[in-house]
Q: 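Right, I'll just put the structure down here and ask away after.
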Amino acid sequence: MLCFVYVLNFLDRQLLSILAKPIQDDLGVTDGQLGLISGLYFALFYCLISIPVGWLADRTNRVRVLSFACALWSAATVACGFSSTYPQLVAARMAVGVGEAGGVPPSYAIISDYFGPGTRGTALGLFNLGPPLGQALGVAFGASIAAAYSWRSAFVVLGTVGIVTALLVYLLVREPERGRLDIKPTVAPSSAATEKAGFYPTIAMFFSRPVLVLVSLASGATQFVTYASLNFTTLFLMREKGMTLSEIAVYYALLIGIGVSAGMYASGRLVDKFAPRGKQAYAMVPAVGLALAIPFFIGFVWAPTWQLALLFLIGPTFFNYFYLSPAVALVQEEVRPQERVLAGALLLLVMNLIGLGLGPTYLGAMSDLLRDSHPSNSLQIAFYTLVPFYVLAVLLFFSLARKLKRESVSTGGNP
């Protein structure tokens, strides 16, 4: 159920990029404006609201917070379909960001109380199938509905599904006891270990710990590439590779659904397998995956036909998402049970401000900047400029691996 909510969360978030071409044709927006509305404008509300929402969920019923958030972002998605101007669409997308801020962090914490240490990586890997399934279903249904009717109908129909789902979450999902599956101390816990986590102390704890800061920055650098690519791949394939909406609805949807899902699940399993031997696995799995993705990404951007481009895109689609399940599992295991929602929200704050906020904004602005000198392939040249950010993400994850290894040695754990 939580995975399905995450599917809708990501589906509603990605509809704008999936339907970018017809929206551009109807409302006359530029690549830069699309980058702002899907990037910076959305991320500011999504990231900043997630912090107070995370604090509230840590102190109240997490399922109810999740249900209300799902209803809010779904209603805002419906409103997107009724937008007739760019400012109206901006306002509706900001409202989607406010609602989605309450979606993922409570789910992380709920899952961590349903699955104990040693199984959380796989469980979170299954939950994190939400983004690829959301992308795939968004491409399939969004493009199909838009091709048959209009882009507005796609927003209205899929937003309505989310409103119904919010009610089902409220009725069907049970709130688990906090920390019930964590390893219990051999002595009676102190009051400091059982009291509710404070808002500012939790924030101070998070940003004072190098491991938590490094995993957030490394994930942010990764999301810079993934969100920039996600928000413009459909437009790139249609405008510069020659695909149609109908072809997007079938071939690109299948690639996203299978490729990203496999990457999410594989990374969760790899972490559960190697983390008992050394915590640096939480960093090495993403680092190796991203390094392997780089040559395939370059091939995707270069490919002269959409068929060859999709073939190359299999690599980044699989490897780009090796970071998410390990990053979430590491943060959830590094903090106390009563800090998990807010810690998850802080992880999302950093990586989404960097990735979601700046990635699409950068790529759209770069495409506009290159439009005069490269009128027929400005997006292609802009995509090439994402390669250095891949390298930065790999280096940050290697740095995290070294930090985790040093911490394990200093505490007497597995090096």
Side-chain angles (χ1 to χ4, degrees), residues 1-14 46-47 49-74 96-117 119-135 137 161-162 165-182 197 219 223 260-261 264-265 267-268 321 323-333 335 337-349 351-352 356:
M1 194 70 205
L2 295 177
C3 181
F4 184 67
V5 173
Y6 202 7
V7 167
L8 293 176
N9 180 299
F10 223 83
L11 189 157
D12 291 351
R13 189 186 310 177
Q14 293 302 309
Y46 176 74
C47 295
I49 297 296
S50 68
I51 303 306
V53 169
W55 174 81
L56 176 67
D58 268 330
R59 304 174 70 86
T60 59
N61 187 295
R62 296 165 292 186
V63 172
R64 291 177 184 174
V65 171
L66 176 63
S67 176
F68 177 79
C70 182
L72 178 58
W73 86 60
S74 299
V96 173
V98 171
E100 291 191 4
V104 180
S107 298
Y108 285 159
I110 292 169
I111 290 170
S112 294
D113 286 330
Y114 272 107
F115 296 87
T119 61
R120 282 181 187 144
T122 301
L124 287 165
L126 289 170
F127 169 72
N128 283 326
L129 294 179
L133 292 176
Q135 293 169 48
L137 293 175
V161 173
T165 301
L167 178 61
L168 293 176
V169 170
Y170 182 82
L171 295 175
L172 299 179
V173 179
R174 296 179 179 179
E175 173 78 1
E177 177 188 349
R178 283 176 170 83
R180 68 190 183 97
L181 297 178
D182 292 307
S219 299
Q223 283 201 345
V260 182
S261 298
M264 292 277 195
Y265 184 73
S267 62
Y321 295 89
Y323 77 99
L324 188 55
S325 296
V328 172
L330 177 62
V331 170
Q332 294 293 299
E333 293 193 9
V335 303
Q338 59 267 44
E339 297 170 332
R340 281 181 176 147
V341 182
L342 184 51
L346 290 168
L347 170 67
L348 291 176
L349 171 69
M351 68 184 190
N352 283 327
L356 179 58

Q: When rounded to the nearest 0.5 angstrom, what distance separates CG in Leu126 from CG in Leu2?
A: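 Here the interatomic distance stands at 12.0 Å.
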Q: Do Glu100 and Ile49 come within less than 4.5 Å of each other through their side chains, counting heavy atoms only?
A: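 No; the side chains remain at least 4.5 Å from each other.
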Q: Could you tell me which non-hydrogen atom of Gly130 sits nearest to which non-hydrogen atom of Phe10, and how far apart they are?
A: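 Minimum heavy-atom separation between Gly130 and Phe10: O-CB, 4.2 Å.
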Q: Would you mind reporting whether Asp12 and Ser74 have side-chain heavy atoms less than 4.5 Å apart?
A: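 With C-beta onward as the side chain, the pair touches.
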Q: Of the non-hydrogen atoms in Ser325 and Ser267, which two are nearest, and what is the gap between them?
A: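 So the two residues come closest at CB-OG, 4.0 Å.
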Q: What heavy-atom pair brings Ser261 and Leu133 nearest, and what distance separates the two atoms?
A: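 In terms of heavy atoms, the two residues are closest at OG-CD2, 4.0 Å.
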Q: Testing the basics here: between Ser219 and Ala327, what is the closest heavy-atom pair and its distance to 0.1 Å?
A: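 Closest approach of Ser219 to Ala327, heavy atoms only: OG-CB, 3.5 Å.
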Q: Donor-acceptor pairs are to be reported for all side-chain atoms of residues 342-349 against protein atoms at under 3.5 Å, with residues two or more places apart or in another chain.
A:
none

Q: What are the two closest non-hydrogen atoms of Val96 and Trp73, and how far apart are they?
A: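 Here Val96 and Trp73 meet closest at O-CB, 3.6 Å.
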Q: Looking at residues at least two apart in the chain, or sitting in another chain, which of them share a ring-ring contact (aromatic ring centres under 6.0 Å, His included) with Phe4?
A: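 With neighbours one apart ignored, the set is empty.
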Q: Val63 versus Tyr170: any side-chain heavy-atom pair under 4.5 Å?
A: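 They are not in side-chain contact.
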Q: Would you mind reporting whether Met351 and Leu324 have side-chain heavy atoms less than 4.5 Å apart?
A: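 Of all side-chain heavy-atom pairs linking Met351 with Leu324, at least one is under 4.5 Å.
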Q: Quick check on side-chain contact (heavy atoms from CB on, under 4.5 Å): which of Val5, Val173, Leu66 does Ser107 satisfy it with?
A: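 Considering Val5, Val173, Leu66, a side-chain contact (heavy atoms from CB on, under 4.5 Å) with Ser107 is found only for Leu66.
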Q: So do Ser67 and Leu167 actually touch side chain to side chain, heavy atoms under 4.5 Å?
A: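 They are not in contact (no side-chain heavy atoms under 4.5 Å apart), so the answer is no.
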Q: Would you check if Asp113 and Arg62 make a side-chain contact, meaning some heavy-atom pair closer than 4.5 Å?
A: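 A side-chain contact under 4.5 Å exists here.
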Q: Please report the shortest heavy-atom distance between Leu72 and Gly99, naming the atom on each side.
A: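 Minimum heavy-atom contact is CD2-CA, 3.7 Å.
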Q: CD/Gln223 to CG/Leu356 distance, rounded to the nearest 0.5 angstrom?
A: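 With rounding to 0.5 Å, CD (Gln223) is 7.0 Å from CG (Leu356).
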